[in-house]
2 protein chains.
Amino acid sequence: MIQERACENGICKVRVVHTEKIKEARANSPSEKKIDYLSSIFKALGDPSRMKIVFALKDVEMCVCDLAAFLDITESAVSHQLRRLKDLGLVKYRRDGQIYYYTLKDDHVAELLKSALNHMSK
Amino acid sequence: MIQERACENGICKVRVVHTEKIKEARANSPSEKKIDYLSSIFKALGDPSRMKIVFALKDVEMCVCDLAAFLDITESAVSHQLRRLKDLGLVKYRRDGQIYYYTLKDDHVAELLKSALNHMSK
DNA sequence: TTTATATATGAACGTATGATCATATATTAA
DNA sequence: TTAATATATGATCATACGTTCATATATAAA
């Protein structure tokens, strides 16, 4: 078992047991930026309400009050969540008079959900 | 534009604009149970630290202090996060003396991450 | 045994989150 | 115009989260 200690009698107390594994992980992992982006996407889908919204918009274009009725939460709550999804680029809307029709912005999210469903249901 | 109101002059103020769309969404969406499960998985990956952990464990078996060094956070913090991942069934460990070697529990998560990377990088 | 080590676990703390209520804005109808 | 409607937005609040510190547990070494 490899055991190393940097600056043993100083302040530094970093313990590194398997240096080469850490190196390998560093080499293979996505950049910090990519990690942050990816995890923000997963976080957005990591809430039942938002996941329901995204599933609903996968096939059908819906307005805010439709979604509110479907989710059984306030229209305000839906609007807030839609804003988060829109800010992340997962959702877009078209406007017809007073009504905002929301849909998924592109297929990436739908694909992601599909593969999630596939993998998880095994 | 279809506009319906149930219990107009009562307490109920549910507004339903497109009944058929809501029906369709209901028909096509996964069950509440599945939504909860799926969103909990996404939530688990919706944090940079946990996502880094999962990416690291994708290829290499690592112990807690390796991960702590890799992530540059406390071993305690890593341990807490590993527990969450383990409770969700995303991660497992084998023990060799005092050292716990963690890996991904199965390929589902790795696959999910892979498709996420693919879809998002376009 | 006693001590060191690797990890787990609980408490604490600041911060983020998701919902609701109240209010603002913008379009349509009267 | 004025009133109604559809949605957006800001404030608020209880709760959940992620980290660290302190401590417990269990194995290994002396």
Side-chain angles (χ1 to χ4, degrees), chain A residues 1-5 8-9 13-18 21 35-36 39-40 42-54 61-69 71-88 91-102, chain B residues 1-5 8-9 13-18 21 35-36 39-40 42-54 61-69 71-88 91-102:
Chain A
M1 184 185 318
I2 306 122
Q3 172 80 18
E4 301 173 16
R5 263 179 193 285
E8 181 58 77
N9 45 7
K13 286 199 279 182
V14 174
R15 177 177 63 200
V16 179
V17 177
H18 307 92
K21 289 189 178 179
I35 289 276
D36 284 346
S39 62
S40 74
F42 275 84
K43 186 175 207 170
L45 300 173
D47 169 77
S49 293
R50 284 192 296 267
M51 178 154 282
K52 274 183 215 164
I53 290 177
V54 171
E61 180 188 59
M62 287 178 95
C63 70
V64 175
C65 71
D66 289 339
L67 286 167
L71 295 185
D72 195 28
I73 56 176
T74 315
E75 294 177 21
S76 175
V78 171
S79 181
H80 279 295
Q81 300 294 21
L82 284 171
R83 185 149 86 119
R84 278 196 62 168
L85 294 172
K86 187 167 65 64
D87 287 349
L88 269 170
V91 140
K92 69 179 194 295
Y93 66 85
R94 78 176 170 85
R95 186 166 185 171
D96 183 14
Q98 296 169 272
I99 302 190
Y100 291 59
Y101 290 97
Y102 280 87
Chain B
M1 184 185 320
I2 306 121
Q3 170 80 18
E4 300 173 17
R5 263 179 193 285
E8 182 59 78
N9 45 7
K13 286 201 278 181
V14 175
R15 177 177 64 200
V16 179
V17 177
H18 308 92
K21 289 189 179 179
I35 288 276
D36 285 345
S39 62
S40 74
F42 275 83
K43 187 175 206 168
L45 300 173
D47 170 76
S49 294
R50 285 192 296 268
M51 178 153 282
K52 276 182 214 165
I53 290 176
V54 171
E61 181 189 60
M62 288 178 95
C63 70
V64 175
C65 70
D66 288 339
L67 287 167
L71 295 186
D72 195 29
I73 57 175
T74 316
E75 294 177 20
S76 174
V78 171
S79 181
H80 278 297
Q81 300 294 22
L82 284 171
R83 185 149 84 119
R84 279 196 60 169
L85 293 172
K86 188 166 65 62
D87 287 348
L88 269 170
V91 140
K92 69 179 195 291
Y93 66 86
R94 78 177 171 85
R95 186 168 186 168
D96 182 14
Q98 295 169 271
I99 302 191
Y100 292 59
Y101 290 97
Y102 280 87

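Given the structure is predicted, the values throughout are model-derived calculations rather than measurements.
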### Query
In Å, rounded to the nearest 0.5 Å, how long is the span from CG of A:Leu45 to CD1 of A:Ile53?
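It is 11.0 Å, given to the nearest 0.5 Å.
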
#### Entry: Interatomic spacing from NE2 in A:His18 to CD1 in B:Ile99 - rounded to 0.5 Å
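Answer for the NE2-CD1 pair, A:His18 versus B:Ile99, is 5.0 Å.
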
### Query
Distance-only, no hydrogens or angles: does the A:Arg95 side chain make a donor-acceptor pair with backbone N or O of A:Gly97 under 3.5 Å?
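Yes, the answer is positive, given that a donor and an acceptor are paired below the 3.5 Å cut-off.
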
### Query
Just to confirm, is there a sub-4.0 Å distance from OP1 or OP2 of D:dA8 to any side-chain nitrogen or oxygen of A:Arg83?
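Looking at the OP1 and OP2 atoms of D:dA8, neither is under 4.0 Å from any side-chain N or O of A:Arg83.
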
### Message
With a cut-off of less than 4.0 Å, is there a side-chain N or O of B:Tyr102 near OP1 or OP2 of C:dA8?
### Response
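Yes, such a contact exists.
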
Can you tell me how far [atom2] of [N] sits from [atom1] of [X], to the nearest Å?
X        : N      : atom1 : atom2 : result
A:Leu71  : C:dT20 : CG    : P     : 11 Å
B:Leu88  : D:dC17 : CG    : P     : 11 Å
A:Lys92  : D:dT7  : NZ    : P     : 17 Å
A:Leu45  : C:dG18 : CG    : C1'   : 16 Å
B:Tyr101 : C:dA8  : OH    : P     : 13 Å
A:Lys52  : C:dG18 : NZ    : P     : 13 Å
B:Ile53  : C:dT7  : CD1   : P     : 13 Å
B:Tyr93  : C:dT7  : OH    : P     : 12 Å

N/O-N/O pairs, protein side and nucleotides 18-22 of chain D side, under 3.5 Å:
from: D:dG18; atom 1: OP1; to: B:Arg50; atom 2: NH1; distance (Å): 3.2
from: D:dG18; atom 1: OP1; to: B:Arg50; atom 2: NH2; distance (Å): 2.8
from: D:dG18; atom 1: OP2; to: B:Arg50; atom 2: NH1; distance (Å): 2.9
from: D:dG18; atom 1: OP2; to: B:Arg84; atom 2: NH1; distance (Å): 2.5
from: D:dT19; atom 1: OP1; to: B:Ser49; atom 2: OG; distance (Å): 2.6
from: D:dT19; atom 1: OP2; to: B:Gln81; atom 2: NE2; distance (Å): 2.5
from: D:dT20; atom 1: OP2; to: B:Thr74; atom 2: N; distance (Å): 3.1
from: D:dT20; atom 1: OP2; to: B:Thr74; atom 2: OG1; distance (Å): 2.5
from: D:dT20; atom 1: O5'; to: B:Thr74; atom 2: OG1; distance (Å): 3.3
from: D:dT20; atom 1: O4; to: B:His80; atom 2: NE2; distance (Å): 3.4
from: D:dC21; atom 1: N4; to: B:Ser76; atom 2: OG; distance (Å): 2.8

### Message
Could you report the tightest heavy-atom contact between B:Met62 and B:Asp66, atom names first, then the distance?
### Response
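Taking every non-hydrogen atom into account, CE-CB, 3.6 Å.
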
### Message
Quick check: closest heavy atoms across A:Ala68 and A:Glu75, and the distance to 0.1 Å?
### Response
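So the minimum-distance heavy-atom pair works out to CB-CG, 3.5 Å.
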
Any [X] side-chain heavy atom under 4.5 Å of [Y] side chain:
X       : Y       : answer
B:Leu82 : B:Ser79 : no
A:Arg84 : A:Leu88 : no
B:Gln81 : B:Leu67 : no

### Query
In terms of ring plane angle, is the pair A:Phe42 and B:Phe42 parallel, tilted or perpendicular, where the classes change at 30° and 60°?
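Correct class here is parallel.
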
Would you list the protein and nucleotides 23-30 of chain D atom pairs, both N or O, that sit under 3.5 Å from each other?
from: D:dA26; atom 1: O3'; to: B:Arg95; atom 2: NH2; distance (Å): 3.4
from: D:dT27; atom 1: O2; to: B:Gln98; atom 2: NE2; distance (Å): 3.2
from: D:dA28; atom 1: O4'; to: B:Gln98; atom 2: OE1; distance (Å): 3.3

